[in-house]
Amino acid sequence: MEEHNRLINENSLYLRDHAHQKIDWYPWCVEAFEKARKENKLVFISIGFSVCHWCHELSRNCFENEEIVQMLNSCYVCVIVDREERPDVDLFYMSVIEIITNSGGWPVSCFTLPNGFPVYGGTYFTPEQFLEIIQELRQKYLNEYDKLVEVGQELMSIVRDTNTVRKKRIEKITINDAKQIIEPWRRKFDRLNGGTMGAPKFPLPLSLMFLEYSGYYLRDKSLTDHVEKTLDKIVTGGIYDHLGGGFFRYAEDMEWRKPHFEKMLSDNAMLTVAYCYAYRNNPKPLYKKIIEETVAFLNRAFYDGNLFCGSLDAETENIDGNYYVWSAREMREILGADFEFAADCFGISENRTKNTLFINKTPENLAEMYKLPLNECRKKIEKIKQKLYAVRKKREKPFVDTKKIAGWNSLVLGAFCEVYRSLGSKTVFEQAKRLAGNIIENYIRDDYRMLRIAETNMPAYLDDYVLTANAFIRLYKITGDKLYIDIIRGIINYAMEHFYDKKSGMFFFSEYPILPEIPRIMDFVDKTLPSSNALMAKVLTLISFIDNNKNCLDTALQMINNMKNQMSGAGPYVAYWSQLLYYNIFEPAVVFMPMEKIHTLGKKFIPNILLFPENSEVCNSRIENITPEKIAEIGDNDSLLYDFGVKILPLSLRKGKSKQS
C-alpha cells in the first residue's frame with residue numbers, strides 16, 4: 001500500500017499532489033501552529049497552485065530531497081496552502097514576501113514563528129539555498145530567539161502600516177486626477193510592441209480597459225490607438241494559442257512571443273471583456289474572431305456542463321509548454337510541401353528545437369510572397385492549423401485544475417454578457433442565463449452568504465462577492481430580470497455587514513482572520529484582476545445609479561477619496577480604481593429602451609451610458625418621458641438617443657464635459 005500523509009483527503013488537487021511526499025504536511029489550520037508552539041518549532045509555509053510551473057519545480061527539487069525532508073520534519077511544522085482555496089492566506093504572506101524581497105510571485109516560501117508572525121521568506125529556492133536557509137533559521141531560533149521575535153514584530157508592523165488606509169476628506173474629483181495617472185504611465189508605453197516597456201509582459205486587461213475609457217472621455221485617440229496596438233500584438237504573438245484559442249498567462253519577452261504556458265480561466269474571461277470593449281469602439285473583424293475563439297476555448301477547455309473549472313497546467317511530462325511547442329522537423333513531417341509556407345506564417349526556425357507559433361507574416365504578406373489570391377492564402381493557413389491541431393490533440397494533455405471558484409465563474413458570466421452586447425449572440429445570451437442559475441444554486445445561500453468553491457463549505461472572500469455582484473449587474477442590464485437585482489442587493493448587503501470596516505471606510509478581504517494573532521487585511525492593488533475594494537466601490541456606484549441609493553454612493557465616494565492620493569503615477573496598479581474617477585467626473589446617463597434596441601446601441605462603446613431594458617424594475621420605478629426639447633439639452637448624443645427611444649436621462653449629462661465645467 002502506497003504511503004501518504006494527511007493531505008490525501010483534502011479537496012484541493014494541489015494539496016493532494018503533495019499527499020505522497022515524506023514531508024509531514026499540514027493543510028492550513030490552527031492545529032499546525034498549536035503543534036509548533038508545543039514543540040517549540042518554526043513553521044514553514046509553502047503557498048502555490050496546481051498549474052504553477054515553479055511550484056512544481058520547488059516540489060520536485062526540494063520537497064523530495066531526502067536531506068531537506070529530514071530537516072523539515074525534525075525541526076519545522078510544515079504547512080502547504082493552495083492560494084486559490086485560501087487567497088486570504090496568500091494575500092497576507094505575499095505582502096510579507098514583497099516587503100522582504102521587493103518582488104513577488106509563486107511559490108511563496110515563508111518561515112514564521114508559532115503565532116504565524118513571519119521572520120523570513122522568498123519564492124523559489126534551489127535545494128542548496130533551501131537547505132542553507134532552514135539550517136540557519138533553526139540555529140537562530142535556538143540561539144537568537146529574541147532577535148527572531150523582533151524581526152517578526154517588525155515585519156508585522158510594516159504589514160499593518162502598508163495595509164492601513166485612513167478616511168480622507170471627500171473632495172471634488174477632476175480631470176486632472178485622471179491625467180496624473182495617465183501621463184507618467186504614458187511615458188512607459190512600449191510604442192513598438194504595445195503594453196509597457198520591458199519584460200516579462202502581462203496582458204493586464206484592466207489597464208487596457210482603463211486606457212480605452214480614458215481615450216473616450218478625454219477625446220485622446222493616442223490612448224485608444226495604444227490599446228489597439230497592444231491587443232493586436234497580443235493576438236499575433238505567441239501568448240495567444242493560434243491552434244486551440246485562449247490566452248497564456250504572460251510573455252517572457254518584449255514581443256509577446258515566448259509565453260509562460262499556464263492558461264487561467266480568470267485571465268481569459270477578463271481578456272474577452274477587453275476585446276469586447278475594443279470591438280465596440282472599433283469593430284475590427286480580428287477582434288470578433290478572437291472573441292468567438294476565446295468563448296469556444298472557454299467552453300471546450302473549462303466547462304463541465306454546469307460551471308467552469310479554474311486553470312490549465314503549463315506542464316506535460318514535467319516539461320513547461322511541452323503540449324504547445326513544435327520542432328521544425330516535426331512540422332515538416334506533418335505538413336510536407338506546405339512546411340515552408342507554414343514556417344513563414346508562424347515564425348518556425350530550424351535553429352530552435354522548440355517553436356511557439358506566432359504570426360510572423362500576415363495573410364496579405366504571404367499572398368504577395370507566394371503569388372496567391374488572398375482568399376486562397378487564408379484557406380491554406382486554416383488547413384495548416386487544422387492539421388497541426390489534430391496532431392497536437394494526440395499529445396498528453398495539460399492537467400486541468402477542476403476547482404470551480406465563485407468569483408471566476410462570475411467573471412465568465414460577465415464576459416458572456418459583454419459578448420452578447422458586442423456580437424448579439426443568442427447562444428451566448430442563453431448560456432449566460434444558465435450559468436447565472438448555476439452560480440445561484442452552487443454558491444449563494446438563502447441568507448446571501450456565499451461559498452468560494454463549488455461542492456465544498458469553504459466561505460467566500462470579498463472578491464467572490466463583488467465579482468458576482470458585478471456580473472449580475474451586467475446580466476440585469478441585458479435582461480431586466482428582477483431576480484438578478486435581488487441577488488445583487490442581497491450579497492452586497494451581506495458583504496457590507498460582514499466585511500466593512502467603519503474606521504477606514506474600506507472592506508476587509510476576508511470575513512475572519514487567518515490566525516488569532518494576525519489581523520484581517522485589505523486588498524487595494526489592481527493586478528490581473530481588480531482589487532476587491534476597487535470592484536466594491538464600482539458595484540456600490542452602479543447600485544447607487546440603479547436604486548438612487550445615496551448610502552451606496554457615499555460609501556463608494558469615501559473609498560475613492562481614500563485611495564485618490566495613491567493613484568498618481570501608479571498606473572496599472574490602480575487601473576480599476578482609475579475607471580471609477582470617470583463616473584464622478586462625467587455623470588452617467590441611465591437609459592431605458594426596448595430590448596430589441598438595446599443590442600443595437602449596446603454595440604457602441606459609450607461608457608457614460610448605462611443601458612437597461614424598459615421593462616426592468618428600475619425603469620418602472622423611475623420612468624420619466626422626455627421631450628425633444630429636453631433631449632436637446634443633453635448634447636452630442638441627442639439624435640442618437642432619441643431615435644433609440646430613450647425614456648429617462650439625467651439632464652445634467654453633458655457628453656464630453658465634466659460636471660464641474
Side-chain angles (χ1 to χ4, degrees), residues 190-195 199 201 203 225 227-248 251-259 261 263 271 275 278-279 282-297 300 321-395 423:
D190 184 335
R191 308 288 176 181
L192 181 62
N193 299 301
K201 263 182 152 61
D225 286 347
V227 171
E228 287 193 20
K229 177 181 280 293
T230 304
L231 292 172
D232 291 350
K233 289 289 186 178
I234 287 171
V235 295
T236 55
I239 193 174
Y240 183 71
D241 183 351
H242 295 279
L243 300 184
F247 299 88
F248 299 111
E252 296 176 0
D253 65 319
M254 292 180 64
E255 297 177 310
W256 306 98
R257 291 181 177 177
K258 187 182 178 186
F261 288 97
K263 285 184 176 179
L271 281 162
Y275 278 91
Y279 180 75
N282 181 9
K284 287 185 180 181
L286 173 63
Y287 296 163
K288 182 175 186 287
K289 176 175 178 285
I290 296 302
I291 292 165
E292 290 172 340
E293 288 181 356
T294 308
V295 169
F297 162 73
R300 185 176 63 254
N322 196 46
Y323 182 71
Y324 302 101
V325 297
W326 303 84
S327 69
R329 179 180 176 181
E330 183 183 15
M331 286 187 67
R332 192 184 294 277
E333 290 173 357
I334 297 164
L335 300 174
D338 287 336
F339 170 75
E340 297 298 338
F341 181 93
D344 285 330
C345 179
F346 293 116
I348 304 303
S349 170
E350 301 273 7
N351 299 324
R352 290 192 298 266
T353 56
K354 295 178 180 180
N355 288 274
T356 303
L357 305 188
F358 63 91
I359 302 302
N360 184 52
K361 295 192 183 298
T362 66
E364 290 78 9
N365 299 146
L366 292 164
E368 187 176 344
M369 283 176 65
Y370 287 86
K371 309 301 180 190
L372 292 171
L374 183 57
N375 238 6
E376 186 179 330
C377 192
R378 288 193 171 119
K379 287 179 182 176
K380 192 178 183 73
I381 293 169
E382 288 306 310
K383 185 179 176 183
I384 288 168
K385 286 167 65 175
Q386 287 167 13
K387 280 187 178 181
L388 293 174
Y389 187 53
V391 172
R392 194 178 84 174
K393 285 198 295 184
K394 295 176 184 177
R395 296 174 176 176
L423 307 184

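Any value given below was found using the heavy atoms of this structure, including those in side chains, with hydrogens, waters and symmetry copies removed.
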Practice task
For Leu271 and Tyr240, run side chain to side chain contact (heavy atoms under 4.5 Å, CB included): C-alpha distance rounded to whole Å, both residues' side-chain angles, the deciding distance at 0.1 Å, then the answer.
Solution key: CA-CA 11 Å; Leu271 281 162; Tyr240 183 71; over 6 Å; no
Exercise for the section: Give the C-alpha distance, both sets of side-chain angles, the deciding distance and a yes or no for side chain to side chain contact (heavy atoms under 4.5 Å, CB included) between Lys201 and Lys258. Expected result: CA-CA 10 Å; Lys201 263 182 152 61; Lys258 187 182 178 186; over 6 Å; no
Non-hydrogen atoms of [X] and [Y] that approach each other most closely:
X      : Y      : value
Arg378 : Pro363 : CG-CB, 4.0 Å
Leu357 : His242 : O-CD2, 3.4 Å
Leu388 : Leu243 : CB-CD1, 3.8 Å
Phe346 : Asn360 : C-CB, 4.1 Å
Leu192 : Lys233 : O-CE, 3.2 Å
Pro259 : Phe248 : CB-CD1, 3.7 Å

How many angstroms lie between [atom1] in [X] and [atom2] in [Y], if you round to the nearest 0.5 Å?
X      : Y      : atom1 : atom2 : result
Thr362 : Glu364 : OG1   : CD    : 4.5 Å
Glu292 : Leu423 : CD    : CG    : 5.5 Å
Glu376 : Lys371 : CD    : NZ    : 14.0 Å
Glu382 : Cys377 : CD    : SG    : 11.0 Å
Met254 : Asn193 : CE    : CG    : 6.0 Å
Phe341 : Leu335 : CZ    : CG    : 11.0 Å

Does the [X] side chain pair with the main chain of [Y], one donor and one acceptor, at a distance under 3.5 Å?
X      : Y      : answer
Asp241 : Gly246 : no
Asp232 : Lys229 : no
Ser327 : Thr353 : no
Tyr275 : Leu231 : yes
Asn355 : Ile348 : no

Exercise for the section: Test side chain to side chain contact (heavy atoms under 4.5 Å, CB included) on Phe297 and Lys263 and set out the steps. Expected result: CA-CA 11 Å; Phe297 162 73; Lys263 285 184 176 179; 3.4 Å; yes
With a sphere of 6.0 Å drawn around [atom1] of [X], does it hold more than 12 non-hydrogen atoms of other residues, nucleotides or ligands?
X      : atom1 : result
Glu368 : CD    : no
Lys288 : NZ    : no
Arg300 : CZ    : yes

Validation row: [X], [Y] side chains within 4.5 angstrom (heavy atoms):
X      : Y      : result
Trp256 : Thr236 : no
Tyr389 : Arg392 : yes
Ile334 : Phe339 : no

Exercise for the section: Go through Phe247 and Val235 one step at a time and tell me if the side chain to side chain contact (heavy atoms under 4.5 Å, CB included) criterion holds. Expected result: CA-CA 8 Å; Phe247 299 88; Val235 295; 3.9 Å; yes
Practice task
Using the six-membered ring wherever Trp is involved, compare the ring planes of Tyr324 and Phe261 and label them parallel, tilted or perpendicular (cut-offs 30° and 60°).
Solution key: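 Rings of Tyr324 and Phe261: parallel, as their planes differ by under 30°.
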